[in-house]
Amino acid sequence: MTATVTKPQYEIKDIALAPQGKQRIEWAGREMPVLRQIQERFAQEKPFAGIRLIACCHVTTETAHLAIALKNGGADAILIASNPLSTQDDVAASLVADYGIPVFAIKGEDNDTYHRHVNIALDHHPNIIIDDGSDVTATLVAQRQDQISEIIGTTEETTTGIVRLQAMFNDGVLSFPAMNVNDADTKHFFDNRYGTGQSTLDGIIRATNILLAGKTLVVAGYGWCGKGVALRGRGMGANVIVTEIDPTRAIEAVMDGFRVMPMIEAASLGDVFVTVTGNKHVIRPEHFAVMKDGAIVCNSGHFDIEIDLKSLGAQANEVKEVRNFTQQYSLPSGKSIIVLGEGRLVNLAAAEGHPSAVMDMSFANQALACEYLVKNKGSLAPGLHSIPTEVDREIARLKLNAMNIQIDSLTPEQIEYLNSWNAGT
Ligand code: NAD
Ligand code: SAH
């Protein structure tokens, strides 16, 4: 995957990290056969010729392949981070140096820099926005009304971004189409569940090096991400407790074999806590008060507000970094609480995010969603749009082919039977 190097402006940690980043990008590509096929087609067909595009995603080896596919498809694309802690600085360097893609992202950037980068991206006057969490779209809608006429549409990667877009639509401020990538089956079935399941435990283990076997793991939220974390936690020998607010999801967790209880009861039992709700203050002062000394808390859901860290910080006598991405809050009671990744996504802050094999399908959806927006320019109504079922199915078919797995197909007799109503008992 090569591209002509122009002279982009960029803001990254260190351009000298490029060789390592290039090697890691190439390694990830081995597990991304679906996106590679799309990228090769884009390079021939140039569906994005003349299109200005900004991608606000975690700057990882996987996102690199998405950005390269879009650029090779003719897009004038730039990349910014969707989270202040998730940038892989070597990848950012290689995208700039080896692939000619401007990147504005530095791991550990403060909130002001993060929002400055969002505004630099909007200064690019995009026609298409790829968002992960809806920060760019929300900024556009709130502060850049004059640019809305330039927008063909946006595509959204994650559950909370979809929730925010729906809220914008309900408020009457979403006046362009937004492709709902998260809700494609080939996205959330795999990315949210198996991706978050594996990479969250990876983040916890890299940050702490604890043994999970025999520990009590409390998972807040039994949605797609929560199911993955609970399942993989059990696989590692942890005793898993689930907390929920939705009765149906709570029953599902019970029937999947997990203990379910309110957080206030789980708080005193847990050794490790993971929030995956997309909500705020799911773990708060009354929970910290009854936790065991040394309890570990982290978030793999959305922003850094799922855990009420402001309150914890206000109570603490001392906050000290005890390992990378691991802070110990010492409380007046003599107990300490351990917080991973500053309450931001632990899988992306302390590890490398989801493995490439799942991001292959998520980003195939992103690439095809962008192409769909261009092909249907001017004819899509404002608001959220599903990824067409045939696109979703095709991604699954390509993935199975790449995995060398064949499946059955319907016989003519079965097709006739499934379309009939008069062949009963
Ligand atoms: P989901 O809607 O399927 O699940 C969220 C669950 O949390 C729901 O079942 C909801 O009832 C529950 N919940 C809400 N408030 C709660 C509370 N106070 N206590 C207990 N449970 C509560 O969403 P999802 O797809 O599982 O995504 C969850 C979050 O993770 C979102 O913010 C999403 O954007 C994010 N996400 C993160 C990653 C990652 O890489 N870490 C990957 C995908 C999605
Ligand atoms: N801006 C929010 C976004 C939530 S991130 C925040 O960072 O707080 C959740 C999304 O990250 C998921 O939907 C998933 O598709 C994406 N993600 C997970 N691993 C990734 C990886 N290796 N590369 C790029 N994106 C990744």
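Everything numeric in this text was worked out from a predicted model, so none of it was measured. Whatever order the structure lists them in is the order used to number ligands and atoms, beginning at 1.
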Legend entry - No-hydrogen, no-angle side-chain donor-acceptor test under 3.5 Å, Asp202 and Ser199: no
Inset, instruction - Answer yes or no: does an N/O atom from Asp191 fall short of 3.5 Å to an N/O atom of ligand 1? - result: no
Legend entry - Atom indices of ligand 2 within 4.0 angstrom of Lys187 heavy atoms, with elements: 12 (C), 13 (O), 15 (O)
Inset, instruction - Just need the protein heavy atom nearest to atom 26 (C) of ligand 2, so name the residue and atom and give the distance. - result: Met359 CE, 3.5 Å
Inset, instruction - Of the side chain and backbone of Val282, name the one, both, or neither that has a heavy atom under 4.0 Å from an atom of ligand 1. - result: side chain
Legend entry - Atoms of ligand 2 close to Asn83 [distance to a heavy atom under 4.0 angstrom, numbered from 1]: 6 (C), 7 (O), 8 (O)
Inset, instruction - Could you tell me whether Arg41 and Glu371 make a salt bridge, using a distance below 4.0 angstrom between a side-chain N and a carboxylate O? - result: yes
Inset, instruction - Test side chain to side chain donor-acceptor pair (under 3.5 Å) on Gln39 and His65 and set out the steps. - result: CA-CA 8 Å; Gln39 187 258 319; His65 285 280; over 6 Å; no
Inset, instruction - Enumerate the atoms of ligand 2 whose separation from the nearest heavy atom of His302 is less than 4.0 angstrom. - result: 2 (C), 3 (C), 4 (C), 8 (O)
Legend entry - Nearest-contact summary for atom 9 (O) of ligand 1 - protein heavy atom, Å: Glu244 OE2, 2.5 Å
Inset, instruction - Examine Asn192 against ligand 2 and note whether any of their N/O atoms are separated by less than 3.5 Å. - result: no
Legend entry - Polar atom proximity, Asp132 to ligand 2 (N or O, under 3.5 Å): yes
Legend entry - Non-hydrogen atom of Arg344 closer than 4.0 Å to ligand 2: no
Legend entry - Nearest-0.5 Å distance, CD of residue Glu109 to CG of residue Leu85: 9.0 Å
Inset, instruction - Measure the distance from atom 17 (C) of ligand 1 to every protein heavy atom, then report the residue, atom name and distance (to 0.1 Å) of the closest one. - result: Ile245 CG2, 3.7 Å
Legend entry - Minimum-distance protein heavy atom relative to atom 35 (C) of ligand 1: Gly301 O, 3.0 Å
Legend entry - From Ile251 atom CD1 to Asp246 atom CG, the distance as rounded to the nearest 0.5 Å: 9.0 Å
Inset, instruction - Heavy-atom distances under 4.0 Å are what count here, so tell me which part of Asp191 touches ligand 2: side chain, backbone, both or neither. - result: side chain
Legend entry - Minimum heavy-atom distance between Thr243 and Ala220, given as atom pair plus value: OG1-CA, 3.2 Å
Inset, instruction - Considering the heavy atoms of Phe363, write down every atom of ligand 2 situated less than 4.0 Å from one of them. - result: 24 (C), 25 (N)
Inset, instruction - Please work out whether any backbone atom (N, CA, C, O) or any side-chain heavy atom from C-beta onward of Asn279 is under 4.0 Å from ligand 1, and answer side chain, backbone, both or neither. - result: side chain
Legend entry - Per-atom contacts of ligand 2 with Gly353, taking only distances under 4.0 Å to non-hydrogen atoms: 19 (N), 22 (N)
Legend entry - Flag side-chain contact, heavy atom, 4.5 Å: Val260 against Tyr222: no
Inset, instruction - Please report which non-hydrogen protein atom sits nearest to atom 24 (P) of ligand 1, along with the residue it belongs to and the distance in Å to one decimal place. - result: Thr159 OG1, 3.6 Å
Inset, instruction - May I ask you to test the Asn299-Asp304 pair for a side-chain heavy-atom distance under 4.5 Å? - result: no
Legend entry - Nearest non-hydrogen protein atom, atom 43 (C) of ligand 1: Cys225 SG, 3.5 Å
Inset, instruction - Could you tell me whether some N/O pair between Asn347 and ligand 2 is separated by less than 3.5 angstrom? - result: no
Inset, instruction - Answer yes when Glu352 and Arg24 have at least one side-chain N-carboxylate O distance shorter than 4.0 Å, and no when they do not. - result: yes
Legend entry - Charged N-O contact under 4.0 Å between Arg393 and Glu390: no
Legend entry - Residue selection (non-hydrogen contact nearest atom 7 (O) of ligand 1) among Asn299, Thr275, Val274, Thr277: Thr277
Legend entry - Identity of the nearest option to atom 15 (O) of ligand 2, non-hydrogen atoms only, from Glu62, Glu157, Gln88: Glu157
Inset, instruction - Taking the side chain as every heavy atom from C-beta outward, state whether Glu394 and Leu368 have any pair of such atoms under 4.5 Å apart. - result: no
Inset, instruction - For Thr63, counting its heavy atoms only, list the atoms of ligand 2 lying under 4.0 Å from any of them. - result: 23 (N), 24 (C)
Legend entry - Polar contact flag, side-chain donor to acceptor under 3.5 angstrom, Thr186-Asn365: yes
Legend entry - Subset of ligand 1 atoms that lie under 4.0 Å from at least one heavy atom of Thr243: 20 (C), 21 (N)
Inset, instruction - For Leu345, take its heavy atoms, then give the atoms of ligand 2 lying under 4.0 Å from any of them. - result: 4 (C), 5 (S), 6 (C), 7 (O)
Inset, instruction - Find out whether Arg284 and Ser311 are in side-chain contact, i.e. whether some heavy atom of one side chain is under 4.5 Å from a heavy atom of the other. - result: no
Inset, instruction - Using a strict cut-off of less than 4.0 Å between a Lys/Arg side-chain nitrogen and an Asp/Glu carboxylate oxygen, indicate whether Asp110 and Arg116 qualify as a salt bridge. - result: no
Legend entry - Interfacing atoms of ligand 1 (cut-off 4.0 Å, heavy-atom, Asp246): 11 (O)
Inset, instruction - Report yes or no: do Asn192 and Asn182 form a side-chain donor-acceptor pair below 3.5 Å? - result: yes
Inset, instruction - Report yes if Gly226 has an N/O atom closer than 3.5 Å to an N/O atom of ligand 1; otherwise report no. - result: no
Legend entry - Close approach of His188 to ligand 1, heavy atoms, under 4.0 angstrom: no
Inset, instruction - Consider every N or O of Tyr114 and every N or O of ligand 2, then say whether any pair is closer than 3.5 Å. - result: no
Inset, instruction - Step through the shown structure and confirm whether more than 12 heavy atoms of other residues, nucleotides or ligands are within 6.0 Å of CD on Gln44. - result: no
Legend entry - atom 31 (C) of ligand 1 - nearest protein heavy atom and its distance: Thr160 OG1, 3.3 Å
Legend entry - Where ligand 2 meets Glu352 - atom numbers and elements under 4.0 angstrom, heavy-atom basis: 22 (N)
Inset, instruction - From the options Thr196, Asn347, Ile283, select the one whose nearest heavy atom is closest to atom 40 (O) of ligand 1. - result: Asn347
Legend entry - Thr137 side chain reached by Glu156 side chain, heavy atoms, under 4.5 Å: no
Legend entry - Identity and distance of the protein heavy atom lying nearest atom 41 (N) of ligand 1: Ser300 O, 2.9 Å
Legend entry - Which residue and heavy atom of the protein sit nearest atom 28 (C) of ligand 1, plus the separation: Val276 O, 3.5 Å
Inset, instruction - Measure the shortest side-chain to side-chain distance between Ile395 and Leu398 over non-hydrogen atoms and say whether it is less than 4.5 angstrom. - result: no
Inset, instruction - Answer yes or no on whether Arg206 is positioned over the face of Phe325, meaning its NZ or CZ is under 6.0 Å from the six-membered ring centre and within 45° of the axis. - result: no
Inset, instruction - Identify the two heavy atoms, one from Pro355 and one from Gln198, that lie closest to each other, and give their separation to 0.1 Å. - result: CG-NE2, 3.7 Å
Inset, instruction - Within a distance under 4.0 Å of any heavy atom of Thr158, pick out the atoms of ligand 1 and give their elements. - result: 33 (C), 34 (O), 35 (C), 36 (N), 43 (C), 44 (C)
Legend entry - Under 3.5 Å side-chain donor-acceptor pair for Thr154 and Asp131: no
Legend entry - Sidechain N-carboxylate O distance under 4.0 Å for Lys187, Asp392: no
Inset, instruction - Could you tell me whether Arg249 approaches ligand 1 through its side chain, its backbone, both or neither, with non-hydrogen atoms closer than 4.0 Å? - result: side chain
Inset, instruction - May I ask you to check whether Ser82 has an N/O atom sitting below 3.5 Å from an N/O atom of ligand 2? - result: yes
Legend entry - Contacting atoms of ligand 1, where contact means under 4.0 angstrom from a heavy atom of Gly221: 7 (O), 12 (C), 20 (C), 21 (N)
Inset, instruction - Please say whether Glu306 places an N or O atom under 3.5 Å from an N or O atom belonging to ligand 1. - result: no
Legend entry - Residue-ligand contact Gly195/ligand 2, heavy atom below 4.0 Å: no
